[in-house]
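In the text below, chain A, chain B and the rest are named by the order of the sequence lines, each starting its count at 1. Note that this is a predicted model, so its numbers are computed, not measured.
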Protein chains: 2
Amino acid sequence: MEESTTTIYDVARVAGVSMATVSRVVNGNANVKEKTRQKVLDAIEELDYRPNAVARGLASKRTTTVGGVLPTITLPYFAEIARGIDDIASMYQYNVILVNSDGEEEKELKVIESLFSKQVDGIVYMGSFMTEKVRKQLQSTRTPIVLAGMIDVDKRMSSVNIDYRLAAHQTTSELLQNNKRIAFVSGSLEEAENTERMVGYQEALEEAGLKFDESLVFEGNYSFENGLALAEQMLSKKIDAAIVSYDTVAVGLLNALLAKGVKVPEDFEIISGSNSPITAYMYPGLTSVNQPLYDIGAVSMRLLTKLMHKEEIEENQLILAHQIINRGSTK
Amino acid sequence: MEESTTTIYDVARVAGVSMATVSRVVNGNANVKEKTRQKVLDAIEELDYRPNAVARGLASKRTTTVGGVLPTITLPYFAEIARGIDDIASMYQYNVILVNSDGEEEKELKVIESLFSKQVDGIVYMGSFMTEKVRKQLQSTRTPIVLAGMIDVDKRMSSVNIDYRLAAHQTTSELLQNNKRIAFVSGSLEEAENTERMVGYQEALEEAGLKFDESLVFEGNYSFENGLALAEQMLSKKIDAAIVSYDTVAVGLLNALLAKGVKVPEDFEIISGSNSPITAYMYPGLTSVNQPLYDIGAVSMRLLTKLMHKEEIEENQLILAHQIINRGSTK
DNA sequence: TTGTAGGCGTTATCAC
DNA sequence: GTGATAACGCCTACAA
């Protein structure tokens, strides 16, 4: 109930020391005699003193707050990464301001601007595509940036990813064991992750002595509805298996296939791209590439702390290991 | 690239006015001659000046940042609410710091403490249960709080919810059209939302002339696994329908039933509690109570803005309308 | 080891 | 309408 904010100054008075000493104690500075440290701690306790991070931020130019930019937190893919970020952030005493951009440039520029205005110490950028304007905006300051789950084409920005090409290669090969006509379903091929996947897909085909058929490539968006709509086309094209980058799309596809009486995996096999919880919720469960999303977030944030503390970085393009989780949607 | 932060002072110099005037312009204060306003705006443009929210926060004691406390952002239920919060927050020029508590008191106290330290202007609290310590902590300051999707037992804190009792009553009644033995599956009955639901369930039974059977009540956690495990028990108890508070649990139940060859909805009907996207993803889709989660978040944040701006509130216990979305899991 | 004093970038209160 | 001039709460040389 005490509204009058108690400051470092009040603590100093009660403890009978100067505010500088209180500041030292609060910041864990070693150069304080144990006895005075204790006096200060007692005073802090007594007054229920709470450091004001805003004042601290102004004086030290470090806010211990980072920004997290993502299209929308409602996609499990991003929520999972965000959770990894938050855990490591809180471990290092940072808070994270999450901003949703909906992937709209206009909005993205605006929210990033607000992040800068709040003087965040760093930014983790999630998403799939970065427009030129956003890139410029992000690079117009010295604020460290890490891309989580997104490849930087010119490798200037730090990033944390899995090897999308390899994963696509492996899953395609797996499907090729029982199938010939395999669809490649991804998001926009303007996004580097997807072109990487495409290469992996093509490599696997070639390895199996099959030729690439462009009509088996489906470029679409993230949505469940997109997946639903795909089933029809797949069947009419006599496709018998699919690797799908986004889980929600894979789920939609599975759902529509089941509704049409198609047996999965007997008549159609599916492997989805990121093993979010929903892949396990389905019946049958979706065999899926396990992107370690939480880890991608966690490692990104860890990398960001190093950048913010100006530590030496050995490698700024991190690749984490993925696995393939076999469930009911494949034989 | 310009690292030297340009301040309000630089702008003043370039525009040939005092910093006070610049401040007025930046804050849209009316008492500025149009001509000088233009000079200032030009200078701002020229210097690419960006207001420092931290300094502003210190001077004005308002940070235009709010905190969002939730168990974990990875549950779609909370992600959806969080999205509603963020949209309205950004509409009112607020940013939100999201903190995950995992529902652990210790951690929750810590993250809320960090929120206060950051001088947030308000807090939206999501979750299902608030311990006494947390309640005390939250009420130890004048920072406005709004509970989103959570009932405050003594109605002191503002909150936004749906009418859980009514929803449970309706769904139970719906299931009673074709079934006699209906399970009530919820989270902890220590949580007010769940006891409300329980009352609605009992009301419906009574209305149908059935007596309440305690062995049909399943109190568990949020998890998919919990749902999976339930199927076995349900079948052995000859239960033929269930209303399930949490979607993930309902999904697990559905999944396990299908795996056991039980036909849904022919042999077993399910209605789940919050219509998160996954309910639609399932096959068959889950009939579900549509809790307007996004709106709960949005309305909570709107309410919070009123509280923060000390506007008059007519009612602080808001109830939003719900609907029942019929899908394949009911006849 | 501890204290003094000058910022940090704005807002806000008075005068003019 | 505009300009000084204190705060705001803390950090950080620099002194002592």
Side-chain angles (χ1 to χ4, degrees), chain A residues 2-41 43-44 47-65 93 114 116-121 141, chain B residues 2-41 43-44 47-65 93 114 116-121 141:
Chain A
E2 5 62 74
E3 186 58 346
S4 57
T5 45
T6 96
T7 76
I8 207 173
Y9 194 81
D10 301 317
V11 176
R13 192 167 30 69
V14 171
V17 299
S18 78
M19 47 181 299
T21 299
V22 177
S23 175
R24 290 191 187 95
V25 171
V26 170
N27 292 293
N29 188 312
N31 296 339
V32 182
K33 212 195 300 176
E34 185 50 35
K35 195 171 171 185
T36 59
R37 170 189 306 282
Q38 202 51 55
K39 277 195 303 185
V40 172
L41 289 177
I44 287 177
L47 298 177
D48 191 27
Y49 165 75
R50 206 181 266 152
N52 180 325
V54 174
R56 186 185 294 206
L58 182 59
S60 70
K61 291 176 170 272
R62 306 196 324 110
T63 55
T64 60
T65 301
Q93 322 272 34
S114 80
F116 282 145
S117 150
K118 291 277 164 70
Q119 315 295 118
V120 293
D121 296 337
T141 75
Chain B
E2 4 62 73
E3 186 59 345
S4 56
T5 46
T6 96
T7 77
I8 206 173
Y9 193 81
D10 301 319
V11 176
R13 192 168 30 70
V14 171
V17 299
S18 79
M19 49 183 298
T21 299
V22 177
S23 177
R24 290 192 187 94
V25 172
V26 170
N27 291 294
N29 188 312
N31 295 338
V32 181
K33 211 195 301 175
E34 185 49 34
K35 196 171 172 185
T36 60
R37 171 188 305 283
Q38 202 50 55
K39 276 194 303 184
V40 172
L41 289 177
I44 287 177
L47 298 176
D48 190 26
Y49 165 75
R50 204 183 268 153
N52 180 325
V54 174
R56 186 183 295 203
L58 181 59
S60 70
K61 291 176 170 276
R62 305 196 324 112
T63 56
T64 61
T65 300
Q93 322 272 33
S114 80
F116 283 144
S117 150
K118 290 278 164 71
Q119 315 295 119
V120 294
D121 296 338
T141 74

Counterpart residues, side chain to side chain donor-acceptor pair (under 3.5 Å), relative to [X] (two or more places apart):
{"X": "B/R50", "result": "A/E113"}
{"X": "A/T7", "result": "none"}
{"X": "A/N29", "result": "none"}
{"X": "B/S23", "result": "B/N27"}

- Query: Any side-chain heavy-atom pair from B/D48 and B/T6 closer than 4.5 angstrom?
  - Reply: no

Atom pair distance, as rounded to whole Å: [atom1] in [X] and [atom2] in [N]:
{"X": "B/R13", "N": "D/dT2", "atom1": "CZ", "atom2": "P", "value": "20 Å"}
{"X": "B/F116", "N": "D/dG9", "atom1": "CZ", "atom2": "P", "value": "17 Å"}
{"X": "A/N31", "N": "D/dA15", "atom1": "CG", "atom2": "C1'", "value": "15 Å"}
{"X": "B/Q119", "N": "D/dC10", "atom1": "CD", "atom2": "C1'", "value": "12 Å"}
{"X": "A/I8", "N": "D/dC8", "atom1": "CD1", "atom2": "C1'", "value": "13 Å"}

- Query: Does any residue of residues 49-61 of chain A have a heavy atom under 4.0 Å from DNA chain C, and if so, which ones, in number order?
  - Reply: A/L58, A/A59, A/K61

- Task: For A/S18, enumerate each residue passing the side chain to side chain contact (heavy atoms under 4.5 Å, CB included) test, keeping only those at least two apart in sequence or located in another chain.
- Result: A/A20, A/T21

- Item | Listed partners of A/A43 passing side chain to side chain contact (heavy atoms under 4.5 Å, CB included), at least two apart | A/V11, A/V14, A/A15

- Message: Does D/dT2 have OP1 or OP2 under 4.0 Å away from a side-chain N or O of B/T36?
- Response: yes

- Kindly determine whether A/V40 and A/V17 satisfy side-chain contact (heavy atoms from CB on, under 4.5 Å), including the steps that lead there. CA-CA 8 Å; A/V40 172; A/V17 299; 4.0 Å; yes

- Note on the structure: Looking only at heavy atoms, the pair that brings B/Y49 and B/V26 closest together is CE2-CG2, 4.1 Å

- Work out which heavy atom in B/L58 is nearest to a heavy atom in A/V54; give both atom names and the distance. N-CG1, 3.5 Å

- Query: Which parts of residues 16-25 of chain B get close to DNA chain D, meaning a heavy atom less than 4.0 angstrom away?
  - Reply: B/V17, B/S18, B/A20, B/T21, B/R24

- Message: At a heavy-atom distance below 4.0 Å, which nucleotide of DNA chain C is the first touched by chain A, and which is the last?
- Response: C/dT1 to C/dG9

- Message: Using C1' atoms of five pairs at each end, report the bend of the helix from C/dT1-D/dA16 to C/dC16-D/dG1 rounded to 10 degrees.
- Response: 30°

- Would you please name every residue forming a salt bridge (Lys or Arg N to Asp or Glu O under 4.0 Å) with B/R37, sequence neighbours left out? B/E34

- Compute whether any side-chain donor of one residue and acceptor of the other, for B/T65 and B/K118, lie under 3.5 angstrom apart. no

- Can you tell me which residue pairs pass the salt bridge (charged side-chain N to carboxylate O under 4.0 Å, His left out) test with a partner in residues 52-65 of chain A, sequence neighbours excluded? none

